[in-house]
Q: 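Have a look at this one.
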Amino acid sequence: MKLILINLFSVILFTLSLSSAHTLQLCHDDERSALLHFKVSLSISKHASRDHAFAYPKTQSWNYPMGNGSNCCSWDGIACDEETGHVIELDLSSSYLYGSIEPNSTLFDLVHLQTLNLADNDFRYSLIPVKIGRLSNLKYLNLSSSVFSGEVPMTISNLSELISLDLSSNRDPQSGANLLRLQELNLRTLVQNSTTLEIMNVNYATMSSRVPKVLANLTSLRYLALASCDLHGTFPKGIFLLPNILFLNVADNENLVGHLPQFHSSSKLEELSLPYSGFSGNIPSSIGNVSSLIGLYFGGCNFHGPIPYSLGQLTKLSILDLSFNSFEGQIPNSLRNLTQLYQLGLASNNLTGEVPSAFANLTNLRDLDLNSNNLHGSIPSFIFGLEYLEFLDVTDNYFSGSVEVDLFLKQEHLTFLQLSEVDLISHTKAHHNDSFPQFIGLALQGCNLAKFPYFLHNQTKLQMLGLGNNQIEGPLLVPSSLLSSYDLSSNRLSGEISTSICNSTSLSIIHLESNTLSGKIPHCLLNLGNSLAMLSLSQNNLRGSIPDTFSSTCPLKMINLANNQLQGQLPRSLANCSSLEVLNLGNNLITNTFPSWLGALPKLQALVLGSNRLYGALPVEFGLGFSKLRIIDLSNNKLTGDLSIQLFLNRHAMGVQHQGQLDYMTASAHIVISGSLIVYYLNYYITIRYKGRETYDDHILTIFSSLDLSNNEFVGKIPESIGNLMGLQAVNLSHNNFTGSIPRSLRNLSNLESLDLSCNQLSGEIPQQLTQLTFLEIFNVSYNHLKGAIPQGNQFSTFRNDSFKGNIGLCDSPLSNKCDDSKAQSPPQANPGSYDGEDKESSTLVDWIIISMGYLCGLVVGMILGRIVTSRYHEWFVDVFG
């Protein structure tokens with residue numbers, strides 16, 4: 001028996017030795033050499049991979065031939081064919097690889113590869129080599145998130161055996177821009193030979209093409225991702241109906257249009273993602289047939305109509321996002337069946353009615369967003385009984401009544417809460433040992449708060465705080481050093497701005513306007529980290545000079561210090577704010593010549609220095625810099641001199657006639673809640689004099705352009721070069737001493753809606769060419785020395801007498817005096833030889849008229865308000881001007 005065991009043991013050892021010998025022979029010398037050459041062509045950097053949980057330098061185990069280390073089949077990330085010994089799998093994902101892949105890289109000599117995964121490395125904008133076409137046996141190719149750039153080579157279409165292709169997320173690490181392009185190689189060419197393709201992910205690869213119908217023939221396709229590819233045209237409906245499709249994502253293709261098909265009960269779809277594309281129409285009731293759906297992302301499309309009742313049949317649904325569409329009607333009660341739902345987004349629609357009681361059944365809900373609808377009634381208490389709720393936003397609706405603070409303070413998971421226009425009440429008193437939820441984001445706008453909520457004192461994790469439009473009194477409270485957005489505007493806060501605010505070095509937005517804060521601006525506030533984008537301290541009682549402490553890396557994009565009592569000169573360190581887009585210092589006591597050095601700010605778009613103590617002439621430099629400036633307000637100062645021709649020659653932003661979508665200038669703050677990125681936006685705003693009145697504009701259109709030099713002491717002619725500023729929508733040169741004629745080049749300002757030249761010394765006739773300004777709604781040339789017939793037709797038929805009065809030489813409609821040969825000429829000159837009593841009386845009357853004109857000039861602009869209805873930006877004007 002013992003002999004048998006010994007013999008058996010010997011057989012086992014012999015077999016193992018053969019197996020070991022066989023393993024040592026698996027690695028081919030040429031493939032080992034190719035791998036080692038590839039290794040030394042790259043370096044290792046821990047910054048090259050982002051998936052730090054799984055990343056490690058796999059190639060460090062690759063060694064030159066020495067003992068057992070010579071077997072490349074045993075190296076990390078490599079697998080070989082058991083029979084032939086050829087390398088068939090190479091997985092170097094998240095391997096900290098850094099460097100360029102050369103066109104002749106030995107990597108592509110591994111012609112037996114069936115799997116190649118280079119995802120999550122940094123190949124420094126390398127092109128995908130043409131030699132990739134040699135790997136004709138590839139079944140799985142993953143080059144995602146590795147900083148590849150340029151055109152995807154045509155040779156990739158040689159990979160006819162592909163089952164999975166992933167070229168996604170090759171984006172610029174700094175700008176986030178797409179790096180890969182599929183413009184030459186369109187989708188049709190890419191898939192023409194890949195009839196076995198099951199997975200295709202080319203997110204963030206710019207295609208600039210249509211989606212070919214041939215994709216609807218790939219019956220094996222299970223996963224298709226085409227997000228942010230600049231696709232256009234109509235999306236083929238057949239792709240929705242592929243028999244094996246599980247995942248479909250065409251998000252962020254705004255020019256890609258389409259409608260949803262009639263869905264079949266045989267559909268296997270689990271996730272359908274269309275957000276921020278051009279899909280439109282109704283959601284068909286047949287969507288309820290797709291019982292396998294887990295995620296439905298329709299946010300930011302153009303869907304309309306009612307939310308289909310059949311959505312209640314999708315009982316596996318965990319995410320439903322219908323936000324930023326035009327859905328109307330009531331929220332269907334059938335949603336009570338979606339008990340697996342943990343995210344529900346219905347924001348920014350036209351939904352009406354009350355919050356349905358069905359929501360009480362959604363016990364797994366973590367994220368509920370109902371903001372910006374037409375919902376009414378009270379905010380039901382059962383919402384605060386949803387045990388796992390983390391995110392709740394019900395702002396900008398028509399809710400009434402009150403909310404008990406104690407309800408949401410019992411929610412231990414609640415980290416983001418936004419309420420507005422409801423009364424907050426509390427029936428209990430706070431105790432120091434009370435435990436409250438730790439908010440990351442909290443906004444209680446317009447909730448009639450008279451003091452800071454007691455639970456704020458324990459909020460150590462707060463990143464976003466919005467308590468604007470309340471009646472909170474007393475000094476500022478800065479509850480957390482982690483704040484990113486801090487909005488306490490439109491309250492009754494008083495006292496000085498404490499330097500403790502500077503402990504929050506992550507602040508992106510500081511919005512403290514419309515309070516009664518006093519004292520000086522803390523020096524540290526202008527040198528607050530590298531994230532502060534928006535600083536608004538306007539409409540307070542701040543005094544002293546603006547600190548000259550802007551850092552050399554100043555990140556500010558918007559500064560609004562208007563309507564205070566700030567004095568002295570502008571700090572020269574302001575020139576460090578190279579990202580500055582809006583600077584509003586209007587209505588202060590700043591004493592300075594015009595700061596032409598601000599022209600070096602490359603992104604400055606709006607400059608408001610009106611109602612200060614600026615003096616002197618505009619320097620030549622003003623005509624050389626400020627190329628992106630499109631809003632200029634220098635009104636109500638003591639500026640002198642004439643306007644040089646060069647002043648209007650370098651205004652590139654004003655010279656562009658903007659078309660297209662209405663966008664607003666905004667600042668943003670980023671916070672992370674449960675792994676999800678939340679971006680909080682706040683609109684830039686300024687106070688401008690527009691169309692005859694001073695207007696608080698809390699939505700600055702990115703296409704709006706205006707010029708206001710009124711109430712200064714400018715002289716000379718208005719340069720004809722003003723006609724170069726074709727993007728202007730408002731021009732106010734009133735209350736100066738301009739002479740000469742009205743420039744005919746003003747006819748080039750085809751977007752012009754308001755033109756005020758009143759209270760100057762202009763002479764000659766009103767150019768007939770101004771009737772070509774078909775958007776002109778306010779026109780004021782009163783109290784000048786104009787003569788002749790008033791132009792007729794188009795917008796001029798809508799202007800009233802007040803637009804022309806104080807010009808004794810003008811005639812014709814709307815004035816009562818009609819033109820004839822004598823009135824159309826210059827007024828007669830007095831004969832110095834006949835100066836009797838009657839002439840003296842007439843001279844006295846003329847003098848009185850001229851004196852009265854000078855007096856009335858101070859009133860006329862305020863009197864000419866008009867009722868404006870614009871045909872182009874109606875919604876914006878209604879929003880801004882009421």
Side-chain angles (χ1 to χ4, degrees), residues 251-252 254 272-277 279-280 283 295-308 311 317-332 335 338 341-356 358-359 362 365-380 383-384 386 389-399 403 408 414-422 440-447 464 466 468 485 487 662-664 666 668-674 676-683 699 875 879:
D252 297 307
E254 62 180 359
L272 181 56
S273 184
L274 311 177
Y276 302 99
S277 63
F279 279 85
S280 59
I283 297 179
L296 203 57
Y297 303 85
F298 288 173
C301 293
N302 298 308
F303 290 114
H304 56 79
I307 296 175
L311 282 178
L317 209 59
S318 59
I319 297 177
L320 176 59
D321 183 7
L322 305 179
S323 57
F324 296 97
N325 281 283
S326 299
F327 291 111
E328 56 192 17
Q330 298 187 355
I331 302 170
L335 298 188
L338 308 183
L341 205 64
Y342 68 80
Q343 180 178 325
L344 177 59
L346 301 176
S348 297
N349 282 287
N350 299 312
L351 299 172
T352 56
E354 299 185 355
V355 177
F359 283 4
L362 307 182
L365 206 60
R366 288 165 171 76
D367 187 330
L368 177 59
D369 193 350
L370 302 176
N371 89 80
S372 301
N373 279 286
N374 299 313
L375 301 172
H376 61 263
S378 61
I379 299 175
I383 284 184
F384 298 103
L386 298 173
L389 198 63
E390 298 176 3
F391 180 104
L392 176 63
D393 187 351
V394 293
T395 55
D396 296 323
N397 281 284
Y398 295 97
F399 292 122
V403 171
F408 61 77
L414 193 62
T415 55
F416 189 99
L417 173 65
Q418 287 205 129
L419 303 175
S420 67
E421 310 304 327
V422 294
I440 295 176
L442 178 66
L444 306 173
Q445 308 277 5
C447 292
M464 187 275 283
S485 177
D487 182 1
L662 299 183
D663 291 318
Y664 301 107
T666 61
S668 61
H670 299 75
I671 61 178
V672 177
I673 298 177
S674 300
S676 298
L677 179 67
I678 306 295
V679 183
Y680 178 76
Y681 292 99
L682 192 64
N683 290 320
H699 297 79
E875 293 183 2
D879 186 34

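Because only heavy atoms are used, hydrogens play no part in the values below, and waters and symmetry mates are left out as well, while side chains stay in. Throughout, residue positions are numbered sequentially from 1 according to the sequence presented. Computed from a predicted model, the values in this text were never measured in an experiment.
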Q: Return the minimal non-hydrogen interatomic distance between I379 and F384, and the atom names on each side.
A: CG2-CE1, 4.1 Å
Q: Does the side chain of L344 reach to within under 4.5 Å of the side chain of L338, using non-hydrogen atoms?
A: no
Q: Report the relative orientation of the aromatic rings in F298 and F303; use parallel for angles under 30°, tilted for 30 to 60°, perpendicular for over 60°.
A: tilted
Q: Heavy atoms, side chains only, cut-off 4.5 Å: are D487 and Q445 in contact?
A: yes
Q: So, do L322 and I283 sit near enough that their side-chain heavy atoms are less than 4.5 Å apart?
A: yes
Q: Measuring from N302:CG to E254:CD, what's the distance to the nearest 0.5 Å?
A: 10.5 Å
Q: How far apart are the closest heavy atoms of I319 and L341, and which atoms are they?
A: N-CD1, 3.8 Å
Q: Output the distance between atom CG (L346) and atom CG (D369), rounded to the nearest 0.5 Å.
A: 8.0 Å
Q: side-chain hydrogen bond (donor to acceptor under 3.5 Å, both in side chains) with S420: which residues, sequence neighbours excluded?
A: none
Q: A side-chain contact here means heavy atoms from C-beta on lying under 4.5 Å apart; do L392 and L386 qualify?
A: no
Q: Determine the minimum heavy-atom distance between L335 and F359, stating which atoms define it.
A: CD1-CE1, 4.4 Å
Q: Answer whether the closest heavy-atom distance between the side chains of L351 and L375 falls below 4.5 Å.
A: yes
Q: Where is the tightest heavy-atom contact between P308 and P332, given as atom of each residue plus distance?
A: O-CG, 4.2 Å
Q: Run the side-chain hydrogen bond (donor to acceptor under 3.5 Å, both in side chains) test against S372 and tell me which residues pass, sequence neighbours left out.
A: none
Q: Rounded to the nearest 0.5 Å, what separation is found between the CD atom of Q343 and the OG atom of S318?
A: 8.5 Å
Q: Does a side-chain heavy-atom distance below 4.5 Å link Y276 with D252?
A: yes
Q: At their closest point, which heavy atom of E421 faces which heavy atom of C447, and how far apart are they?
A: N-SG, 4.2 Å
Q: Is there side-chain contact between N371 and S348, with heavy atoms separated by less than 4.5 Å?
A: yes
Q: From L444 CG over to T395 OG1, what is the distance, rounded to the nearest 0.5 angstrom?
A: 11.0 Å
Q: If you round to the nearest 0.5 Å, how far is CD1 of I331 from CG of N373?
A: 7.0 Å
Q: If only side-chain N and O atoms count, and only distance matters, is there a donor-acceptor pair under 3.5 Å linking Q418 with D393?
A: yes
Q: Locate the shortest heavy-atom distance separating L414 from F391; write the atom from each residue and the value.
A: CD1-N, 4.2 Å
Q: Got a second to check how far F324's CZ is from N349's CG, nearest 0.5 Å?
A: 9.0 Å
Q: Mind checking side-chain hydrogen bond (donor to acceptor under 3.5 Å, both in side chains) for D321 and listing every partner two or more places apart, or none if nothing turns up?
A: S323
Q: Taking side chain as C-beta onward, heavy atoms only, is V355 less than 4.5 Å from F399?
A: yes
